[in-house]
Amino acid sequence: MPDSPELPGSHEPVSRTPDPRTPRAEPAAAPPAVPGPDRVELRVHGVSGGQAEELLDVEPAMRVGGDRLAGFFRWRRERDTETVPGVRREIFAWGNLTSGSSSRAFWLLLLPFMMVNVAYWMRPGRMDREQTGVRRAAGTAYGAGVRLLALSLTALITLAAAGVGMDLVGWQCAGQGQECVQARPWLAFLASASSPLSVPGWGLVVGAVLPAAVVAVLWRLSRRTAADYEVVTGSVPPEHTEDAPLSHPDFWRNSEIMARLRSAHIAVAVGTVAVLLLVPPLRYDLSARGGGALTDPGAWWFGLVLAVLLGAVAATSTASVLVPGADPRWNARADRFCQILRDAMLVLVAVVAVYTVWPRPGWEASGRLPGSGTVLNSLFAVQGALVLVLLVAALVLFSVDRPHERTAMRGLAGPSTAALGALLGGGFSAALVYQGALWLSGCGSVSTPETDCLALSPPTAYSWLQLAFAFEAVIVLVVVAVLALRLRGAVRAELPEVTSLYSRSVRDRRTWEIARARAAGQMTEVLPKVLGALLLPVVPLVGLALYSALTGNLVAAPVDAPTVVAGEFRGVAQSALDLLVGVGSILGGACLVALVWIGRSAYRDRPTRQAVGAVWDVGTFWPRVAHPLAPPSYAERAVPQLAARVAWMAREGAAVVLSGHSQGSVLAAATVWQLPGDCRGRISLVTHGSPLDRLYARYFPAYFGPASFSDLAERVSAWRNLWRVTDAIAGPVRRMGPEGRGEAVVEQAEPLPDPRCYDAPPGEARRPEVLGHSYYTSDPAYAQALCEVMPTPPGAGNG
């Protein structure tokens, strides 16, 4: 094999370096172990995790050559279980927090809730206590806007369930009598004239069982996960600084805030069901009060009293989510107050149900459920206005604070994520109602029902969401095509660098493989542009919602061609709109079916369950301070557990190296920020494949960035960061320069070579794979970094 050149950061020829994926036959060379106090390498794994034995690398059989398909093995010796001689290895396995239980796979259905909750933490402003004037107003508006948008999503999913149970089944289908019985015989108890439940009031109450069940499931899930993830934090608080918001002692204590928000969300969700139960009978009572058609002529004023009470409790519950949770004493009082509001709403919905089933001779169900369209249109208008509030607040915060120059989308990543979450929630809701209407009616189309099927009519606003879903699918196809072309150009741009590093011909397929891996590692930089492209359907929807709010009526459904399109082109436009709405309905239904299928697969298959859980490892790092019904934050349990363990070992005299890979590096950094001051100088940090700077600092600039990373470096005795150009997630970590001026790159600014050798190493018949984001701990540079950062325990001699 010809000689190979040296790569930057390596002191030996790359052709002689073993494959990093092959476990080393001997531990890395290191100074002799220091007798006396303990030395610990505490590893924190990344997304999707694995078995503890695999993560610790302690299986009896050890591969010394080959790969997973065909390799060479030997019995493991005791010293092979140590990265550095004399340093014992521990692993913190947190994967079951996100992928352990089979039921957690169904958290995919809560994706819109999670996106809005994450958007709360993506604000571009600094989190200090000296906010005044414009900064304070913009920060307050941003937090309030996200929480109100989260509350609207809870109401939206409740409306979707009510749209199927109360509108389509309990009102429209039951109102068609024998036609409904013939199409769906199992609904005879609602539609048959001989059934005591065939009156509109009882039909609505029976239909309300579906949204009530959805609310109950969300309520139960949120309460159970809150209990599972709650831990007792340490008695010694960490050193809190303004540059490191994650060092606040109460940052991971979120139980009281979440309980208060949960009570408010449940109150609003139950209130949404109560409004849909109250409006139809109240409307009939008001219209019939002059004709003497009521059994009780005074019932209309009782309905008005219920409406006023519902409005007052709902408005108070909505206002309660705007209260910040800075004072624990206020949180306890607010929690009790919100529980009272929630219980009052439960009592009110029971009273409203009695009012709804009260006998009303001559009351018949016809058309759409009264009030459902108005509530839905008003909700969309509120969401559109909130998106605009978030955009303005983010722009103001970014212009005033200027967090750092690498902030994604100039501070608009948070509002963009919130808008996409709202769009996704609306798309799922529309798909649920439309597919429910198609199934109940037996028609091939909702807009053009056949003569032998039921004529069911979902609200008009859902048509626009289906149209937006179809446009979104087209945008996704265009984005994929553009990214493919961009990747192709990036591969060609990397070829000169690869040929220079390895002194190989550009005609060799191996050169192209390495260049493709390096180019793919840079594709993360286009995420802001992709996010911006996906937002295009949101713009007309926001305009439509605001037009509806200002004029009092919604633009005609897209199934009716606009009047501005005249002549022969109107037929073409009509056909195109019908096609897009149909495609959007199919795509939305397919997404829901796909999520259910993934959930079923995850229930029976652990690897699939782990893969599904990995989706949440990034999105559920942050506490649920915006949407309490979102998937739980694993960091609320993982960080206090890690901090307690590390602090105990440090106080026992051990020298600890926190080693975090990928998302585990974020947990490791959060742990260091939560350590008490007496642990300084006893803890060091190694991050590898870390998204701290490349993703978190760009998309969460208020909590991560050069200033916070400088603070982090001061809390540990040493810090090394390992990354590769082929890693699409990791990158160098930047911190503030001397005296806070400019930015500098933390240790290990040069990337690790990947692959370390172009040709097959000695004793192997295959070229090593490009590792990208994996197998950092098997790279020789990892053991070297571990030796460099290992702190000296108190009382230890010099080795």
Side-chain angles (χ1 to χ4, degrees), residues 155 158-177 180 187-216 266-314 342-376 378 433 456 459:
T158 306
L159 278 175
V164 176
M166 299 177 67
D167 188 4
L168 297 179
V169 175
W171 185 264
Q172 294 190 40
C173 186
Q176 298 185 40
C180 180
L187 290 176
F189 71 97
L190 287 178
S192 176
S194 59
S195 173
L197 301 181
S198 61
V199 295
W202 279 107
L204 287 176
V205 171
V206 172
V209 172
L210 179 58
V214 171
V215 174
I266 296 302
V268 170
V270 173
T272 302
V273 178
V275 168
L276 296 180
L277 281 174
L278 177 62
V279 170
L282 179 58
R283 183 178 178 181
Y284 175 78
D285 289 350
L286 290 175
S287 64
R289 62 176 177 169
L294 294 177
T295 303
D296 184 359
W300 64 270
W301 67 262
F302 184 69
L304 287 179
V305 171
L306 288 178
V308 172
L309 291 176
L310 276 177
V313 176
R342 180 199 64 201
D343 296 341
M345 188 65 80
L346 290 173
V347 172
L348 278 176
V349 76
V351 176
V352 168
V354 174
Y355 172 76
T356 302
V357 299
W358 199 263
R360 291 175 176 83
W363 185 27
E364 296 180 353
S366 62
R368 296 173 180 166
L369 179 65
S372 61
T374 302
V375 173
L376 186 62
S378 300
V433 176
L456 301 179

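One is the number of the first residue; the rest follow in order along the sequence. Quick caveat: nothing in here was measured; it's all calculated off a predicted structure.
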Qualifying residues under side-chain contact (heavy atoms from CB on, under 4.5 Å), relative to [X], sequence neighbours excluded:
X	answer
Val305	Trp301, Leu309
Ala312	none
Ala161	Leu210, Pro211, Val214

Are [X] and [Y] packed together at the side-chain level, in the sense that at least one heavy-atom pair is separated by less than 4.5 angstrom?
X	Y	value
Leu369	Pro280	yes
Gln176	Leu456	yes
Leu204	Leu276	no
Val199	Arg360	no

Residues 344-357, side-chain donor-acceptor partners within the protein, below 3.5 Å, at least two apart:
unit_1 : atom_1 : unit_2 : atom_2 : d
Tyr355 : OH     : Asp285 : OD2    : 2.4
Thr356 : OG1    : Leu277 : O      : 3.0
Thr356 : OG1    : Val352 : O      : 2.8

Self-check item: side chain to side chain donor-acceptor pair (under 3.5 Å) contacts in which one or both residues fall within residues 162-171, not counting sequence neighbours
Solution: Asp167-Gln172
Exercise: identify the closest heavy-atom pair between [X] and [Y]:
X	Y	value
Val433	Leu168	O-CD1, 3.6 Å
Ala314	Val268	O-CG2, 4.5 Å
Leu282	Leu304	CD1-N, 3.9 Å

